[in-house]
Amino acid sequence: SLQTDVLQTEVYNVKFDVIIFNHCLQFYTDPHHIIEKYKLLLNKNGLLLIIGNTFYKKESSKQKNVLKTKEYFFNKYQFDIQFYKSK
């Protein structure tokens, strides 16, 4: 199991049989781009599993929900749920 910054695919120098995105893609502005990057990291017949995401018909609804979630986490835990730096 690896937990890293989703945007930094260059940290991987191997291919995977399975890659799981769990509750995260809906928080990125271009999830399609991220999916395409990770498809390149799959072995032949590899599986990209995307779970726990909420999809919206209107972008404004998504923005409102993301803002509500960010505010909740900041008020409860005093940190921003959307961070990018990791090792």
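- One distance of note links CG of N13 with CG of L41; it measures 10.0 Å at 0.5 Å rounding.
- A distance of 4.5 Å separates CG in D17 from CG in N43, rounded to the nearest 0.5 Å.
- Rounded to the nearest 0.5 angstrom, I51 CD1 and N22 CG are separated by 4.0 Å.
- Note that CD1 of I50 and OH of Y38 are 12.0 Å apart. Values are rounded to the nearest 0.5 Å.
- Remark: K68 does not engage E71 in a salt bridge, criterion side-chain N to carboxylate O under 4.0 Å.
- Linking Ile, Leu, Val, Met, Phe, Trp and Tyr residues whenever their side-chain heavy atoms come within less than 4.5 Å leaves Y12 and L49 in two separate clusters.
- The two residues K15 and L42 make their nearest non-hydrogen contact at CD-O, 3.6 Å.
- Between Y77 and F79, the angle of the ring planes lies from 30° to 60°, which puts this pair in the tilted group.
- Clustering ILVMFWY residues whenever any of their side-chain heavy atoms sit less than 4.5 angstrom apart, transitively, puts L47 in a cluster other than the one holding V6.
- When every heavy atom of K37 is checked against every heavy atom of L7, the shortest pair comes out as NZ-O, 3.1 Å.
- Connection of F16 to V11 is established within a shared hydrophobic cluster, with ILVMFWY side chains joined at heavy-atom distances below 4.5 Å, either directly or through further cluster members.
- Taking both residues in full, the closest heavy atoms of E36 and K39 are given as OE2-NZ, 3.2 Å, listed atom of the first, atom of the second, then distance.
- Taken together through direct or relayed side-chain contacts under 4.5 Å among Ile, Leu, Val, Met, Phe, Trp and Tyr, L25 and I20 form parts of separate hydrophobic clusters.
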